[in-house]
Amino acid sequence: MLGSQLRRFRLAAGVTPDQAAFEIRASRSKISRLETGRVRLKGRDVADLLTLYGVTDERLRSRFAMLVRQSNAPDWWMKYSEILPEWFGTYLGLESAASTIRTFEIQFVNGLFQTEDYARAVTQLGHKTAPTHEIEHRVGLRRARQDVLTRPNPPRIWSVMDEAVLRRPVGGPAVMRAQLKHLTEVAAMPQVTLQVVPFARGGHAGASGTFTVLRFEEHDLPDVVYIEQLTGAIYLDQRSDVEHYLEVADVLSAEAMTPAATTRFIGQVARET
Amino acid sequence: MNGDKRERPAMATDEAPAPGAAGAAGRAKAPTFDTSVAHQARVYDYLLGGKDNYAADRAAVAEQLKIYPDLAFSARANRAFLGRAVRYLTAEAGMRQFLDIGTGIPTAGNTHLVAQAIAPQTRVVYVDYDPIVLAHARALLVSHEAGTTDYIDADLRDTDTILAQAAELLDFTRPVAVTLLAILHAIPDADDPYAIVAKVMDAVPSGSHLALSHIGPEFVDQETRRKLEDNISRMSQQQYTPRSREEVARFFTGMDLVAPGLVRVEEWRPDPGTGEPGKSALWCAVGRKR
């Protein structure tokens with residue numbers, strides 16, 4: 001994401017890849033790899049390139065530098081490195097830098113809101129043959145990720161979920177009841193908004209499946225859409241791609257129950273579970 | 001307490017409309033969600049540097065800026081007027097209840113943030129006719145402290161719905177500050193905007209206030225106006241009716257204008273040393289009901 005932002009700055013400044021490469025004493029192909037996120041960004045190179053591209057706004061530069069540091073190891077999740085695929089590490093970096101996180105879930109409760117038991121049940125579904133200690137390690141990672149909810153100046157999280165997420169008793173009814181209770185507690189956090197699209201609404205705009213839109217405070221940083229797959233993830237930050245998802249997110253949030261009605265509904269589903 | 005999150009019996013303001021309900025009484029004018037034409041709320045978001053806008057909104061703005069470069073200044077100046085007016089109404093006029101009609105897409109310095117920073121117990125009710133704008137408001141315009149924030153899904157023209165629901169959320173025996181910022185010019189003469197404003201202000205007691213801003217025809221020449229009207233008729237979902245200084249003044253019938261009276265938005269009690277140079281195309285005033 002930072003790479004493609006660098007590319008946008010370069011194009012806006014009318015700088016060729018050769019000129020950029022010369023600036024940081026690198027090859028033209030290194031610039032291409034930097035801009036496509038295939039090599040790690042170095043703080044000094046990025047600072048030099050931003051200068052070359054005429055990006056002088058100090059706030060933006062220091063924010064960029066912070067994102068570069070965050071996108072590079074070591075970070076809190078490095079202790080999970082043996083179970084953490086690289087593509088997910090990228091997501092964690094972006095997630096912790098985002099000012100607003102919008103999600104749509106169709107099957108499972110969002111990882112940020114999962115109880116330990118629910119997270120364990122989900123993890124076991126995906127890693128049927130994994131030994132206990134590995135499962136626990138994965139559950140630990142998910143819990144650690146939830147620190148984003150309680151840190152100072154937390155991101156705003158606006159999560160829309162299909163009713164199926166509430167109805168599917170992952171881990172059994174007791175685990176699910178506790179999970180639903182936890183969801184009502186999360187919903188009461190001032191920076192969290194939960195909305196449910198009930199079955200009664202019929203078909204909805206989220207036919208695309210689960211996705212996340214990350215927004216950053218800086219005016220110049222584009223939104224990023226994150227779509228997880230079995231063996232990797234897709235990151236979209238081209239405006240035309242992102243806007244499709246924003247549009248779906250907007251329609252879903254208008255179709256869904258209001259936040260207040262959602263809290264009552266989750267309570268009702270908990271009593272029925 | 002948190003306005004949208006506290007428990008209370010289900011009521012109309014709480015429920016998103018069922019699909020197809022848009023044609024029901026009072027919602028007849030709710031806009032369809034169409035990102036292929038510019039939308040007033042998203043255009044304003046874009047002019048203020050927000051990210052909740054689409055290609056068609058930006059294309060319309062790009063053309064409009066060529067015709068009228070002060071458009072972006074006008075949007076910022078209108079937003080700054082909102083901040084100063086709400087601050088005045090809360091800190092100096094003692095208002096503790098706001099009815100903010102035409103909420104728009106949440107951005108920095110929304111009404112409840114300004115008012116509740118001064119008087120945390122202030123109640124703010126946001127009204128918008130666009131279900132998606134309202135979804136953003138419900139998600140993002142949330143009180144953190146003692147004050148409360150509520151939402152009404154209604155068109156400004158549907159004063160019966162607005163007043164009926166607002167009466168459940170606000171105490172109409174005590175003064176209310178009504179804000180109508182950059183929205184009345186979207187109401188054509190055929191829909192009688194004067195009757196709409198009069199009906200809302202009739203419902204609130206003496207000592208209540210009205211703050212409004214409105215596009216004026218005096219600020220641009222004939223040729224620029226013609227080009228802007230052409231752009232908007234081709235590219236925008238909403239159409240606009242500029243109104244002259246005298247016409248805007250008529251909205252304040254039965255009210256006394258707070259100093260400095262009816263002026264351009266950037267001229268209304270400007271904060272010393274913070275004004276950026278520019279000329280907006282918006283009249284504004286704050287009036288107190290006798």
Side-chain angles (χ1 to χ4, degrees), chain A residues 99-102 156-160 184-198 200-205 213-224 238-240 242-244 246-265 267-268, chain B residues 1-22 30-36 39 41-42 46 48-58 105-106 108 128 130-145 148-153:
Chain A
S99 59
T100 305
I101 302 171
R102 285 179 80 173
R156 192 149 252 306
I157 304 175
W158 182 3
S159 188
V160 178
T184 60
E185 288 160 7
V186 168
M189 300 175 90
Q191 83 279 21
V192 175
T193 301
L194 299 187
Q195 290 186 267
V196 169
V197 187
R201 286 274 187 271
H204 56 64
V213 184
L214 300 171
R215 176 163 293 179
F216 307 94
E217 208 173 338
E218 286 58 38
H219 182 248
D220 288 328
L221 291 181
D223 292 347
V224 174
Q238 291 296 318
R239 197 136 199 181
S240 52
V242 170
E243 278 177 12
H244 277 295
L246 276 183
E247 195 170 331
V248 170
D250 274 349
V251 172
L252 282 167
S253 60
E255 283 179 348
M257 285 188 263
T258 65
T262 293
T263 301
R264 287 193 297 272
F265 185 72
Q268 181 196 322
Chain B
M1 187 152 73
N2 177 316
D4 199 35
K5 291 176 175 182
R6 97 201 114 95
E7 277 306 310
R8 62 158 186 252
M11 53 185 291
T13 57
D14 240 19
E15 303 302 326
T32 52
F33 186 54
D34 182 355
T35 59
S36 71
H39 181 292
R42 299 192 304 252
Y46 178 53
L48 294 177
K51 297 181 183 179
D52 285 303
N53 47 74
Y54 295 90
D57 307 307
R58 296 190 294 275
I105 294 168
D128 208 289
D130 183 312
I132 288 174
V133 168
L134 211 65
H136 280 259
R138 283 193 169 100
L140 305 176
L141 303 182
V142 176
S143 300
H144 289 209
E145 303 298 337
T148 55
T149 308
D150 282 289
Y151 318 89
I152 294 175
D153 184 353

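Note that the structure is predicted; figures quoted are calculated from it, not measured. Letters A, B, ... mirror the listed sequences (proteins, then strands); counts begin at 1.
- In this structure A:R239 satisfies the side-chain contact (heavy atoms from CB on, under 4.5 Å) test together with A:E243, B:N53, B:R58, sequence neighbours excluded.
- Atoms OG1 and CG, from B:T35 and A:L246 in turn, are 10.5 Å apart once rounded to the nearest 0.5 Å.
- In terms of modelled atom types and a separation under 3.5 Å, the side chain of B:R138 and the main chain of A:A260 share no donor-acceptor contact.
- Contact detail for A:W158 and B:A135: the closest heavy-atom pair is CZ2-O, 3.6 Å.
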* To do: Verify salt bridge (charged side-chain N to carboxylate O under 4.0 Å, His left out) between B:D52 and A:R215, making sure each step is shown before the conclusion.
  => CA-CA 10 Å; B:D52 285 303; A:R215 176 163 293 179; 3.0 Å; yes
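- Between A:A254 and B:I132 the shortest heavy-atom distance is CB-CG1, 3.6 Å.
- For A:V251, the parts lying near chain B are the backbone and the side chain together; criterion is any non-hydrogen pair under 4.5 Å.
- With hydrogens and angles disregarded, a donor-acceptor distance shorter than 3.5 Å links the side chain of B:K51 to the backbone of A:F216.
- Sparse packing is recorded around CD of A:E217, with 12 or fewer heavy atoms of other residues, nucleotides or ligands lying under 6.0 Å away.
- A donor-acceptor pair under 3.5 Å links the side-chain atoms of B:Y54 to the main chain of A:E247, judged by distance alone.
- Contact check for B:V142 versus A:R156: side-chain heavy atoms found under the 4.5 Å cut-off.
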